[in-house]
Participant: 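Provided herewith is a single structure, encoded as structure tokens, for subsequent inquiry.
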Amino acid sequence: MRHAADEPGAPLGVPRDPAREAAERELSQHAYTQHEPGLVRRAWNWLWERLFGTLESAAFHAPGGWLGLLIIVLLVAALLLAIRLRLGALRGAAGPGRGGTLFTDRPRTSAEHRAAAAEHAAAGHWNEAVRERMRAIVRALEERALLEPRPGRTATEAATEAAHALPDLGPRLLAAAALFDAVSYGEQPATADDYARLTALDEAQRDTRPRLATAPGWTAP
């Protein structure tokens, strides 16, 4: 004998099979959620809405709307670029004692630096020739034990220290260091006369005997 609840078209209010109702609910929930965007998509939509909303608000308040906002962004970017370039120029045009390191590559002998300087001079590359000749001078002073080899030393530091051992050449050593910094970091072009002065200084330091007395040596003005 069948119950009325099992007949097709059973009246409302009659309890149905609980397992069947649970299955129907699960299917309905799956059908509803399977078309929802995933977590990554929802996060992207949220971020885009916030970003676009911010830009839209800024464009609304900026003169000229979106075009005005674009011009403002370009002006800010140009200002930041100009500041960066200016700071780089200020760092490059370093004053005495604040230049970059004298030696930047593998250690080479004074003879090797002189040979490199001569090659650059022959080709008319005076900036490179001046730099290499200054390095030859400092390396020669290290080879003579008048300077202690020290990585990271600047040209001005080397000239100041060398002036205590070679006080007669002190002003010329400091002038050479200032020239090295101006050519290397201050964008000052070197000339053939600059190279000739450093060549003469290199020859002079090789012929000058150090002053090793205990009395105070030459000091920079």
Side-chain angles (χ1 to χ4, degrees), residues 82-221:
I83 292 175
R84 179 178 179 85
L85 293 176
R86 178 59 178 170
L87 291 177
L90 290 176
R91 286 194 296 268
R98 296 181 181 179
T101 57
L102 182 63
F103 299 102
T104 58
D105 54 3
R106 66 173 182 83
R108 291 189 289 176
T109 65
S110 60
E112 289 176 318
H113 285 295
R114 288 190 189 101
E119 290 180 4
H120 289 305
H125 301 156
W126 301 116
N127 286 7
E128 293 80 0
V130 163
R131 284 193 288 263
E132 287 299 323
R133 181 60 71 164
M134 184 61 190
R135 290 171 180 142
I137 293 172
V138 174
R139 187 67 78 200
L141 294 172
E142 292 177 349
E143 292 170 352
R144 295 178 62 188
L146 299 181
L147 282 180
E148 180 183 355
R150 178 159 52 87
R153 176 192 279 123
T154 66
T156 301
E157 290 171 345
T160 302
E161 296 172 15
H164 291 286
L166 302 174
D168 294 338
L169 299 180
R172 295 172 65 183
L173 287 168
L174 285 179
L179 175 63
F180 178 90
D181 287 343
V183 170
S184 299
Y185 312 111
E187 299 181 358
Q188 174 180 319
T191 64
D193 290 339
D194 294 329
Y195 179 70
R197 284 194 295 270
L198 263 67
T199 301
L201 176 59
D202 189 13
E203 295 174 354
Q205 66 83 19
R206 285 186 285 180
D207 297 333
T208 302
R209 297 182 62 181
R211 181 179 299 177
L212 302 178
T214 56
W218 184 89
T219 57

Participant: With a 4.5 Å limit on heavy-atom distance, are the side chains of Leu179 and Gln188 in contact?
Facilitator: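 Yes. Closest side-chain heavy atoms under 4.5 Å.
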Participant: How long is the gap from CG on Leu147 to NE2 on His164, to the nearest 0.5 Å?
Facilitator: 10.5 Å
Participant: When you compare the side chain of Pro210 with that of Arg144, does any pair of heavy atoms fall below 4.5 Å?
Facilitator: yes
Participant: Where do Ala190 and Val183 come nearest, in terms of heavy atoms and distance?
Facilitator: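 That closest heavy-atom pairing would be CB-CG2, 3.8 Å.
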Participant: Of all heavy-atom pairs between Ala140 and Arg114, which one has the smallest distance, and what is that distance?
Facilitator: CB-NH2, 3.5 Å
Participant: Over all heavy atoms of both residues, which pair between Ala163 and Gly170 is shortest? Give the atoms and the distance, please.
Facilitator: CB-CA, 3.7 Å
Participant: I need the Asp181 CG to Thr156 OG1 distance, nearest 0.5 Å.
Facilitator: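 Here the rounded value is 4.5 Å.
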Participant: Which distance, rounded to the nearest 0.5 Å, do you find between the CG of Leu201 and the CG of Leu169?
Facilitator: 6.0 Å
Participant: Taking 4.0 angstrom as the limit, do Arg153 and Glu148 come out as a salt bridge?
Facilitator: no
Participant: Measure across Ala176 and Met134 and return the closest heavy-atom pair with its distance rounded to 0.1 Å.
Facilitator: CB-SD, 3.8 Å
Participant: As an exercise, state the distance from CZ of Arg206 to CD1 of Ile137, rounded to the nearest 0.5 Å.
Facilitator: 9.5 Å
Participant: Is there side-chain contact between Arg108 and Glu132, with heavy atoms separated by less than 4.5 Å?
Facilitator: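 In short, these two side chains touch, coming nearer than 4.5 Å.
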Participant: Who passes side chain to side chain contact (heavy atoms under 4.5 Å, CB included) against Thr199, sequence neighbours left out?
Facilitator: Arg133, Tyr195, Glu203
Participant: Are any side-chain N or O atoms of Asn127 and backbone N or O atoms of Pro189, one a donor and one an acceptor, separated by less than 3.5 Å?
Facilitator: no
Participant: Would you say the side-chain atoms of Glu161 pair up with the backbone N or O of Ala158, donor to acceptor, closer than 3.5 Å?
Facilitator: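 Such a contact is absent between Glu161 side chain and Ala158 backbone.
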Participant: Any heavy-atom pair between the side chains of Arg131 and His120 that's under 4.5 Å?
Facilitator: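 His120 vs Arg131: side chains apart.
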Participant: Look up atom CG in Asp202 and atom NE2 in His113, then write down how far apart they are to the nearest 0.5 Å.
Facilitator: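 Rounded to the nearest 0.5 Å, the CG-NE2 separation comes out at 11.5 Å.
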Participant: Given side chains that start at C-beta, do those of Leu166 and Leu141 come closer than 4.5 Å, heavy atoms only?
Facilitator: yes
Participant: Distance check, rounded to the nearest 0.5 Å: Glu119 atom CD versus Glu128 atom CD?
Facilitator: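 CD of Glu128 is found 12.0 Å from CD of Glu119.
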Participant: Checking Arg139 against Glu112 for the side chain to side chain contact (heavy atoms under 4.5 Å, CB included) test, could you report, in this order, the C-alpha distance in whole Å, the side-chain angles of both residues, the deciding distance, and whether it holds?
Facilitator: CA-CA 10 Å; Arg139 187 67 78 200; Glu112 289 176 318; over 6 Å; no
Participant: Determine yes or no for a side-chain-to-main-chain donor-acceptor pair under 3.5 angstrom, with Glu143 supplying the side chain and Ser110 the backbone.
Facilitator: yes
